Amino acid sequence: MNIENILQTAIIGAIKQLYGADVTTSQITLQKTKKEFKGHYTLVTFPLLKISKKNPEQTAQEIGSYLAEKSPVIAEYNVIKGFLNLTIASEVWLNLLQNINTQPYFGFTPVADDAPLFMVEYSSPNTNKPLHLGHIRNNLLGHSLCKVLAANGKRVVKTNIVNDRGIHICKSMLAWQKWGNDETPQSSGKKGDHLIGEYYVLFDKKYKEELAKLQASGLSKEQAEEQSALMQEAREMLRQWEANDAQTVNLWKMMNGWVYAGFDETYDKLGVSFDKIYYESQTYLAGKDEVLRGVDEGIFVRREDGSVWADLTQEGLDEKILLRSDGTSVYMTQDIGTAKLRFDDYPIHTMIYVVGNEQNYHFQVLSILLDKLGFEFGKGLVHFSYGMVELPEGKMKSREGTVVDADDLMAEMIDTARETSQELGKLDGISAEEADEIATMIGLGALKYFILKVDPKKNMTFNPKESIDFNGNTGPFIQYTHARIKSVLRKAEEQGISVPETLESDIALSEKEESLVQLLAEFPDIVKQAGDEYNVSLIGNYIYDLAKEFNQFYHDFSILKEENTSLRDFRLVLSKNVASTIQKGMKLFGIEVPERM
RNA sequence: GGUCGGGUAGCUCAGCUGGAUAGAGCAACAGCCUUCUAAGCUGUGGGUCAAGGGUUCGAAUCCCUUCCUGAUCACCA
């Protein structure tokens with residue numbers, strides 16, 4: 001039910017009656033009336049002048065007076081220049097509220113078993129770095145997107161792809177092996193992902209020291225990089241991992257376990273979750289197979305050095321490498337493999353990737369490649385691209401240590417919420433647990449609202465100070481308003497004032513309005529669908545006059561008296577459009593809509 | 001250089017399937033706590049919607065050109 005739709009239909013009917021022209025909803029420009037004028041909705045008449053062949057004021061005047069007289073929805077109107085301001089009848093609002101009040105999940109479309117399945121990939125962490133501010137934006141966008149889709153009746157599978165293999169993983173493994181002294185999350189009290197992150201940084205530090213030493217001994221930068229013992233060891237470790245060496249794989253499993261425990265904690269705190277997690281260590285080989293199939297089928301080409309390429313120059317793009325000359329896979333290969341596994345697992349209608357805009361090109365290519373490989377969904381994949389999160393001082397740079405850690409940030413938000421609440425005396429007389437709960441709600445609410453209120457595709461500036469300022473357009477302000485509303489209701493209840501079961505208007509319905517309600521009330525038992533048309537048999541004399549009146553208002557609502565029937569039994573043929581209007585009208589007046597409509 | 005974004009108040013952002021005098025919040029200033037939660041409310045000031053051209057009755061919104069800015073164009077992920 002939607003007031004704008006009801007209005008549009010009423011206006012279309014009015015135009016048909018007044019000017020004999022059929023217009024579509026797209027020609028009806030409705031907007032909310034500006035606050036300085038009286039009315040709820042405003043019809044812009046300029047697009048209709050060709051039809052009315054009158055000037056804007058006259059057109060507005062005619063439509064307005066027609067609606068005010070004929071439509072029960074419109075209480076009054078006024079015309080200012082070419083703008084027709086319409087005031088919706090109080091009964092309509094009351095019925096709307098009534099209807100909302102009876103629906104526990106107003107606005108939600110129930111998810112049918114055969115609804116289109118949307119798979120949404122988000123988060124996509126790297127196992128050697130803890131989550132940071134950029135991931136927070138990703139997770140919040142991804143999770144919200146899933147909720148929006150589900151609310152709109154889609155089946156949703158939330159998925160995550162974990163980048164758990166490759167040379168970078170070996171770096172942190174090697175550093176831990178060399179300098180870790182068997183440190184574990186338990187022994188150190190550190191969160192697993194942070195612990196691994198430290199060893200990844202440590203590797204980089206030691207590697208740079210080694211390079212500096214080598215360069216000091218007279219080697220060029222390239223020579224130093226080549227001779228680095230550390231890097232050679234890391235490469236060797238990757239080879240062992242790929243060869244499934246038991247010791248290496250066990251180390252990998254153990255350290256990954258620490259990281260996942262850490263991630264789970266962060267996800268939990270942030271309030272996001274996944275239905276299915278994929279790991280690149282399990283998908284990259286499938287990608288390789290797909291690429292090789294592409295070579296066999298002549299979609300891709302193998303060069304002399306053994307590397308495999310896709311030629312996308314036809315599509316206006318470059319050539320793209322899919323397998324290195326040593327046969328190992330690249331990022332794109334893995335994404336192809338992951339897509340393959342996913343579509344083997346689920347009947348996916350649409351695949352959505354929530355990934356930063358620095359990968360716009362990657363997904364443009366992926367879409368084409370999947371399409372070439374014969375994946376139906378390839379063409380329609382959606383890259384839900386979002387901009388970077390910058391700091392007031394500029395971009396986050398891991399080298400400069402300006403990366404905002406997700407856990408630290410959440411903790412800081414919660415602490416600040418607690419401190420502010422305490423200062424304001426809001427936590428007086430509240431238990432420590434409850435105070436914690438409130439601080440968490442407010443702190444994380446502030447963070448989430450601050451991130452989500454910005455257009456995803458834009459780069460945004462995250463100002464920690466400002467986000468913690470609980471004034472203005474912020475999450476805490478909304479929470480505060482909600483708390484006040486609840487408080488008013490609570491106090492009203494204490495005084496014995498309660499919201500009535502049914503909302504009643506103190507304005508009496510006009511005769512005609514009552515007639516329409518009655519007419520609508522008759523429909524549930526008499527509506528029969530026949531193809532695109534709806535046949536409605538109305539029985540009883542008393543309804544005949546009402547039907548005629550209804551017919552007058554809804555032009556394409558024709559009364560056909562069947563040859564072998566008396567006046568007491570006739571049929572209305574409704575177009576789909578009118579049938580849907582009637583459905584809406586019935587909902588509007590709180591009448592149950594039968595299934596078959 | 002090619003491709004794709006972005007440019008709206010001092011700051012952070014809405015508005016962009018064309019409609020009335022371009023809106024919020026922050027910051028600034030002036031008021032409002034014995035009565036519903038002052039984490040609030042009311043008011044004031046603040047704009048060449050990057051620039052120029054075009055389409056239209058009407059352009060922040062659509063088209064073209066230019067300028068500024070970001071991302072990307074790796075046998076990295």
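Fair warning: this is a prediction, and the values are worked out from it, not measured in the lab. Per chain, numbering begins at 1; letters A, B, ... match sequence-line order.
Between A/Phe384 and A/Tyr122, a ring centre-to-centre spacing not shorter than 6.0 Å is recorded. Taking the six-membered ring wherever Trp is involved, the centroid distance between the rings of A/Tyr449 and A/Phe477 does not fall below 6.0 Å.
In the set B/C75, B/C36, B/A77, B/A77 carries the atom at the smallest distance from any side-chain atom of A/Tyr331. Closest to the A/Asp455 side chain, of the nucleotides B/U72, B/A14, B/U12, is B/A14. Of the candidates B/A20, B/A71, B/G19, B/A71 carries the atom nearest the A/Met388 side chain, counting heavy atoms from C-beta on. Relative to the side chain of A/Tyr361, the nucleotides B/C76, B/C73, B/A39 differ in distance, and B/C73 lies closest. Set against B/G7, B/C75, B/G19, the side chain of A/Ser307 has B/C75 as its closest nucleotide.
At the phosphate of B/G5, neither OP1 nor OP2 sits under 4.0 Å from any side-chain N or O atom of A/Lys457. Applying the 4.0 Å criterion to OP1 and OP2 of B/C76, one finds that A/Arg324 has a side-chain N or O inside that range. Contact annotation: A/Arg490 side-chain N/O to B/C36 OP1/OP2 distance is not under 4.0 Å.
A salt bridge is defined here as a Lys NZ or Arg NE, NH1 or NH2 lying under 4.0 Å from an Asp or Glu carboxylate O, and A/Arg293 with A/Asp289 fails to meet this definition.
With rounding to whole Å, A/Leu317 atom CG is found 11 Å from B/G2 atom C1'.
The side-chain ring of A/Phe46 is not stacked on the base of B/G58, judged by centre separation under 5.5 angstrom and plane angle under 30 degrees.
Base orientation for B/C33: syn, the chi torsion being within 90° of 0.
The base of B/A74 has none of its N or O atoms less than 3.5 Å from a complementary donor or acceptor on the side chain of A/Asp318. For B/A39, its base never sits under 3.5 Å from the side chain of A/Thr474 at any donor and acceptor pair. A donor N or O paired with an acceptor N or O is not found under 3.5 Å between the base of B/C36 and the side-chain atoms of A/Ser487.
Not a single donor-acceptor pair under 3.5 Å links the side chain of A/His383 to the backbone N or O of A/Tyr353.
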